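Just below is one structure, and these are the notes that go with it.
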Amino acid sequence: MFEHIRSFASHFFVTGEPMIYASDVAIVLFLVGIIFTLTYLKKWKWLWREWITTVDHKKIGIMYLISALLMMFRGGVDALLMRTQLALPNQTFLDAEHYNQIFTTHGTIMILFMAMPFLFALFNIAVPLQLGARDVAFPFLNSVSFWLFFFGALLFNLSFVIGGSPDAGWTSYPPLTELGFDKGPGENFYLLGIQISGIGSMATGINFLVTILKMRAPGMTLMRLPLFCWSVVASCIIIIFAFPALTVALALLLIDRVADAHFFTMLHGGNPMMFINLFWIWGHPEVYIVVLPAYGIYSEVVSTFSGKKIFGYKTMVISLMIISVVSYFVWAHHYFTMGASAGVNSFFAVASMLIGIPTGVKVFNWLFTMFRGRIQLKLPMLWTLAFIPCFAMGGATGIMLAVAPADYQYHNSYFLIAHFHQTLIGGVAFGLLAGMYYWWPKMFGFSLNERLGRWAFWFFNIGFYVCFMPQYFLGFMGMTRRVYTYSGDTGWTSFNFISSIGAYLMGIGFLFIVVQVLYSIKYGERDLTGDPWNGRTLEWAIASPAPHYNFAHIPEVTERDAWWDMKARGESLIKVNQRMAFKPIHMPKNSGLPFIMAVFFFISGFGFVFNWYWMAALGLLGVGICMIVRSNNRDSEYYIPAEDVEKTEAALGRV
């Protein structure tokens, strides 16, 4: 009996490396600390009532943000481990298998479990407030979306200590990921973690598109929408049409693995190129899913901190929508070298170059907005200014990669690594941090410390260039992706060592952000006005943090920058409160069902990972029961009495 338990544990848990054991200890201590703190402070009911069951878009946004920052830490540690291994030739810090696992989890976490939830955090925090709405269109679905993301990410990250991590790259191409070459549960963790999280992402895209189209304040026509909302529209359109391709690809590969099908096995009539096409039909639009909202953030920040309306509003809107369409016609540039015809390569090369035009239009619009503006170099603006040269360089190298004949030289080299990190970090991560700093006072009612934030900014930016500029040269020198070691006679040592130093500088920058947040919780400047940046859009018209119902009275919009226009006319929501009688406000009730449903999804996914079909069936049954309970629930809404609204507004000094 004991021997059977020991044999099971040795296969079930990841063992054999001190790093894994240290991580196990850290995870256990972290969980014990959380449980002890919540028990000691008697906060379990508070946690359930205020956070786990909430359908308030603002709290859901905060939970997305915390999750994304944790995933940034996990993915960043993976990056530092890789750069440590590659800093010098013939290193044995990581073996080949462990290195494969780390670069797989790094890419997957950073794109799907860091960038996506970070964006959804900012969607939730800003969009309903900018629209003058009291919540999103489907609050219950919004909660479902978050918990599906959370438990999908949890399932994926469990592979670090249970079963073993996936090791076939974040793209997970077959036949490498078929059972003949990868029998372990790691790939199943990948497929099911992303699949569960992807359902939530798809629901978020639908939810926010409907919210923007149907829940705008009176007078807010489409041509009066804040540009961040337009960027969310463009991103959601891509989500809705691109994510089904990923869903199908992952589902077919999972069926191959758990049901012995052969969709992608060539010896049995399958075709692995079908997976690759489906993956990149989602994969390259995914780049625009994450970068388009960053463009919207930059637009809000540039306009606010230049004290001017955005230059060329209509061209900005048009360029965003053009990108959302053309993004579907570029996917094959990921395999120019795979033997397609000249006509196919030419089409995708031209499309890949054309998509740079609307991006360039926006850069010039931001520059002209800043021209002769009264620029304030606050942290959101610093990250925006850092983005422009960084992304310009990333875009230029992207055009180089889009030239099909030249791509034969760059393909699969470190030149490509440098390019996509330049666009995804310089374009997306800089935008996410700019948005976090910009809307932080609105979320929490206090600003983050500027001095610590500037230390973080400079460490991160200098580290970024020190890390990735040498990688362009390494690509030209023939260093390919995914190598875990190299000999000293390649000539790559100096550039790799410099690159690793840059990675650690970026890590120090992230630590400064952590210190900045912790310091500011106690000492940060409190926002008593609701408008610390002298903003232009409606989220700055209400108190910080915003009350549960957002707006006591839905504002009337007459111009594009609605709050700026109200201030120019000497109007405010305080005057509206004084002039108009308070009325009961219709709001959705909290519900624990989204959390419970996501737990059942997790149980089902865990069962499929280990081929425990009884557990998978039990989880799916639980999901079905939750759906039935939800469909028969007729008590999901309530009214906040008018006197309670008046008391809240008075306590906030808004009467």
Side-chain angles (χ1 to χ4, degrees), residues 50-68 116-150 197 199-218 220 222 225-226 228-240 243 289 292-293 296-297 300 435 439 442-443 537-539 541-542 545-552 554-555 557 562 585-595 597-598 630 633 636-640:
E50 296 294 330
W51 293 95
I52 292 177
T53 63
T54 187
V55 295
D56 183 349
H57 68 94
K58 301 178 289 298
K59 290 183 177 179
I60 290 172
I62 290 169
M63 291 192 291
Y64 267 124
L65 180 63
I66 294 170
S67 301
M116 291 293 286
F118 212 135
L119 289 173
F120 293 161
L122 300 180
F123 286 14
N124 274 280
I125 289 156
V127 169
L129 299 181
Q130 288 194 335
L131 296 175
R134 292 199 169 110
D135 211 316
V136 296
F138 308 114
F140 181 90
L141 184 63
N142 199 26
S143 181
V144 171
S145 297
F146 170 74
W147 288 114
L148 286 178
F149 150 74
F150 180 87
S197 177
I199 297 170
S201 298
M202 186 76 175
T204 298
I206 295 168
N207 203 346
F208 278 88
L209 185 62
V210 175
T211 299
I212 293 170
L213 294 179
K214 302 297 289 184
M215 298 189 67
R216 303 187 304 276
M220 185 176 283
L222 288 176
L225 268 182
F228 180 65
C229 291
W230 267 116
S231 72
V232 173
V233 168
S235 180
C236 289
I237 289 171
I238 304 176
I239 288 172
I240 291 168
F243 260 86
I289 288 171
L292 286 173
I297 293 165
E300 300 293 337
W439 282 303
K442 187 54 57 181
M443 284 185 272
T537 44
L538 284 175
E539 72 267 35
I542 57 178
H548 174 55
Y549 48 79
N550 296 345
F551 297 88
I554 299 299
V557 174
I585 294 177
H586 181 246
M587 296 295 292
K589 284 185 176 179
N590 285 359
S591 174
L593 207 55
F595 177 82
M597 186 187 301
R630 169 62 183 174
N633 182 14
S636 59
E637 298 163 341
Y638 74 106
Y639 280 91
I640 302 175

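Quick caveat, the model's predicted, so the values are computed rather than measured.
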> Can Asn124 and Met63 be said to form a side chain to side chain contact (heavy atoms under 4.5 Å, CB included), step by step?
Replying inline: CA-CA 10 Å; Asn124 274 280; Met63 291 192 291; over 6 Å; no

> Minimum heavy-atom separation for Met220 to Arg216, with atom names?
Replying inline: O-NE, 2.7 Å

>> Evaluate Arg630 against Asn633 for side chain to side chain contact (heavy atoms under 4.5 Å, CB included), listing each step before the verdict.
In response: CA-CA 5 Å; Arg630 169 62 183 174; Asn633 182 14; 4.2 Å; yes

> Taking only residues two or more places apart in sequence, or in another chain, which ones meet Trp147 in a side-chain hydrogen bond (donor to acceptor under 3.5 Å, both in side chains)?
Replying inline: none

> Which atom pair, heavy atoms only, marks the closest approach of Ser201 to Met116?
Replying inline: OG-CE, 4.1 Å

> OG1/Thr211 to CG/Asn142 distance, rounded to the nearest 0.5 angstrom?
Replying inline: 8.0 Å

>> Would you say that Ser636 contacts Phe140 through its side chain, given a criterion of any heavy-atom pair below 4.5 Å between the two side chains?
In response: no

> Partners of Tyr639 by ring-ring contact (aromatic ring centres under 6.0 Å, His included), sequence neighbours excluded?
Replying inline: His586

> Within the side chain of Ser235, is there an N or O that forms a donor-acceptor pair under 3.5 Å with the backbone of Ile289?
Replying inline: yes

>> Is there a side-chain contact between Ile239 and Thr204 in this structure, where contact means two heavy atoms from C-beta onward sitting under 4.5 Å apart?
In response: no

> Considering residues at least two apart in sequence or located in another chain, which fulfil the ring-ring contact (aromatic ring centres under 6.0 Å, His included) criterion with Phe551?
Replying inline: none

> Roughly how far, to the nearest 0.5 Å, is the CD1 atom of Ile52 from the CZ atom of Phe150?
Replying inline: 8.5 Å

>> Would you compute the distance between atom CG of Leu131 and atom CD of Glu539 and round it to the nearest 0.5 angstrom?
In response: 10.0 Å

> So, for Arg134 and Tyr549, which heavy atoms are closest and what is the spacing to 0.1 Å?
Replying inline: CG-O, 3.2 Å

>> If you compare all heavy atoms of Ala234 against all heavy atoms of Leu292, which two are closest, and at what distance to 0.1 Å?
In response: CB-CD1, 3.7 Å

>> Run the side chain to side chain contact (heavy atoms under 4.5 Å, CB included) test against Phe138 and tell me which residues pass, sequence neighbours left out.
In response: Leu141, Asn207, Val210

>> Under the rule for side-chain hydrogen bond (donor to acceptor under 3.5 Å, both in side chains), what residues qualify as partners of Glu300, not counting sequence neighbours?
In response: none

>> I need the Gln130 CD to Phe123 CZ distance, nearest 0.5 Å.
In response: 11.5 Å

> Is there side-chain contact between Pro293 and Leu122, with at least one heavy-atom pair below 4.5 Å?
Replying inline: no

> Quick one: CZ on Phe120 to OG on Ser145, what's the gap to the nearest 0.5 Å?
Replying inline: 8.0 Å

> Mind checking what makes side-chain hydrogen bond (donor to acceptor under 3.5 Å, both in side chains) contact with Asp56, not counting sequence neighbours?
Replying inline: Lys58, His548

>> I need the minimum non-hydrogen distance between Tyr638 and Lys589, along with the two atoms involved.
In response: CD2-CG, 3.7 Å

>> Using 0.5 Å steps for rounding, measure from the CG atom of Leu225 to the CD1 atom of Ile212.
In response: 7.0 Å

> Yes or no on side chain to side chain contact (heavy atoms under 4.5 Å, CB included) for Val136 and Met215, after CA distance, side-chain angles and deciding distance?
Replying inline: CA-CA 8 Å; Val136 296; Met215 298 189 67; 5.8 Å; no

> Partners of Phe228 by ring-ring contact (aromatic ring centres under 6.0 Å, His included), sequence neighbours excluded?
Replying inline: Trp439

> Considering residues at least two apart in sequence or located in another chain, which fulfil the side chain to side chain contact (heavy atoms under 4.5 Å, CB included) criterion with Pro588?
Replying inline: Val55, Asp135, Pro139

> In terms of ring plane angle, is the pair Tyr64 and Phe146 parallel, tilted or perpendicular, where the classes change at 30° and 60°?
Replying inline: perpendicular

>> Could you work out, with ring-ring contact (aromatic ring centres under 6.0 Å, His included) as the rule, every residue matching Phe118, not counting sequence neighbours?
In response: none

> What residues, two or more places apart in sequence or in another chain, satisfy side-chain hydrogen bond (donor to acceptor under 3.5 Å, both in side chains) together with Lys59?
Replying inline: Glu50

> If you look at every heavy atom in Ala133 and Asn550, which pair is closest and at what distance?
Replying inline: O-ND2, 3.0 Å

